[in-house]
2 protein chains.
Amino acid sequence: MTVSKTAEKSSEKPADAAKGRKDTGEPQAEALQLGELSEQLGYVLKRAQLKVFENFLRCMASLQLTPAQFSVLLLVEKNPGRNQTEIASTLGILRPNFVAMLDNLESRDLCARIRSTNDRRSHILVLTDKGKAVLARAKKLVATKHEARLNDLLGPANRESLIEMLSKIANEF
Amino acid sequence: MTVSKTAEKSSEKPADAAKGRKDTGEPQAEALQLGELSEQLGYVLKRAQLKVFENFLRCMASLQLTPAQFSVLLLVEKNPGRNQTEIASTLGILRPNFVAMLDNLESRDLCARIRSTNDRRSHILVLTDKGKAVLARAKKLVATKHEARLNDLLGPANRESLIEMLSKIANEF
DNA sequence: GATAATTGTTATGGACCATACCAAATATCG
DNA sequence: CGATATTTGGTATGGTCCATAACAATTATC
């Protein structure tokens, strides 16, 4: 049981040992200067992404869904009857790596592979009833506990603006 | 040398086989619906981060610097005389994983470990002359080829706004 | 009907991340 | 002072994610 304990301690937040501590009077070494790093797109982007994923996992702890798994369920629900290759490639997942992922979801009875009658090579993907139910609960958790945090932090207008800019980067950079 | 070839082919861009292709008239299956996925913060954030890192690596191909290595050089330059633990923890890198990274940079004569005279346990980190020169060139490449792209894509005002919002998320989410 | 292409899969290796543990050096405290 | 605890850099190790090669079954192509 070392893993679960590890997840809570998390990896010591960067610049935390240096920045955000109350001065207790000890002769602590001065904090490091981030310098130009705090203006680097990649740096701040990666940092933000880690924080968001971390928060996502906490919010979904009761359902045991990772961001990747959630995205698969969302996509399968929106596009029922597609095969593994289509779902995987749309998410940027390579087919070999998608196999274990589906094995997991299927073993938990969240989705199912069905041999296509048209093309007996391919597996059609469908959400099970349990999968639909879990996804519905997941959506609510994400909306109320996760995405809501963004509104609290940035406000609705900025939130929309942020998503839009990130989409633009993801598609046109 | 399979790695470098791999980096160029990249992993097939998501939603590319479905979205951005000219209609050639073939009876292609219709594109998948992204649905709520395109509004998910984590999804679009991760996607954007991958694109940005990918572009960063291309821009730095001549210098062979990864984003992580670049951040180390930047931080050491800004904070000379700090030891491994301080630099690593500020960047969110665990000490054990920082060792190989420094071995690499040191073997390329970009930075050096110096035994501290005060505390003979710790290694003070310094950029070598070559390290300073390489970093200077790296900064120019990043500014002109990488970060400039963001201005072209979003405009200066939005760029600033984006960085600010991402910083806020990284620090307060 | 022979050959090529596609689908799901296995095996495998690399990159990155996290933990446990160790020796040397230092700090702490009786 | 000396025993004990802490810190630092390091090794070993395992997990997860990502990418490639190769394969059998099936389908498409010519």
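Letters A, B, ... are given to chains in the order of the sequence lines, protein chains preceding strands, and every chain is numbered from 1. Just the heavy atoms: all of them, side chains too, but no hydrogens, waters or symmetry mates, feed the values below.
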Does a side-chain N or O of B/Thr85 approach OP1 or OP2 of D/dT7 to a distance below 4.0 Å, or not? no
The side chain to side chain contact (heavy atoms under 4.5 Å, CB included) partner of A/Leu102 among A/Leu125, A/Ile87, A/Val76 is A/Leu125
Donor-acceptor pair, A/Thr128 side chain versus A/Asp109 backbone, under 3.5 Å? yes
Candidate list A/Val72, A/Leu110, A/Leu57, A/Val142, test side chain to side chain contact (heavy atoms under 4.5 Å, CB included), partner A/Leu65, passing option: A/Leu110
Close approaches to DNA chain C from residues 110-124 of chain A, in residue order (heavy atom, under 4.0 Å): A/Arg113, A/Arg121, A/Ser122, A/His123
Just how far, in rounded Å, is C1' of D/dT16 from CG of A/Asn104? 13 Å
Give the rounded distance in Å between these two atoms: CZ of A/Arg95 and C1' of D/dA22. 14 Å
Within this structure, what is the CG-to-C1' distance between A/Asn83 and D/dA25, rounded to whole angstrom? 15 Å
Does the separation of the ring centres of B/Phe53 and B/His146 fall below 6.0 angstrom? no
What's the verdict on ring pair (Phe, Tyr, Trp, His ring centres under 6.0 Å) for A/Phe56 and A/Phe70, showing C-alpha distance, side-chain angles and the deciding distance? CA-CA 10 Å; A/Phe56 184 97; A/Phe70 180 66; 5.6 Å; yes
When the distance from CD of B/Gln49 to P of C/dC16 is rounded to whole Å, what number comes out? 12 Å
Test side-chain contact (heavy atoms from CB on, under 4.5 Å) on A/Gln84 and A/Arg113; report intermediate values, then the result. CA-CA 9 Å; A/Gln84 297 185 197; A/Arg113 299 183 238 225; 3.1 Å; yes
Can you measure B/Glu86 atom CD to D/dT8 atom P for me and round it to whole angstrom units? 8 Å
Between D/dT13 (C1') and B/Leu94 (CG): distance, integer Å: 14 Å
Atom CG of B/Asn97 and atom C1' of C/dA20: how far apart are they, to the nearest Å? 13 Å
Rounded to whole angstrom units, what separation is found between the CG atom of B/Leu57 and the C1' atom of D/dC18? 14 Å
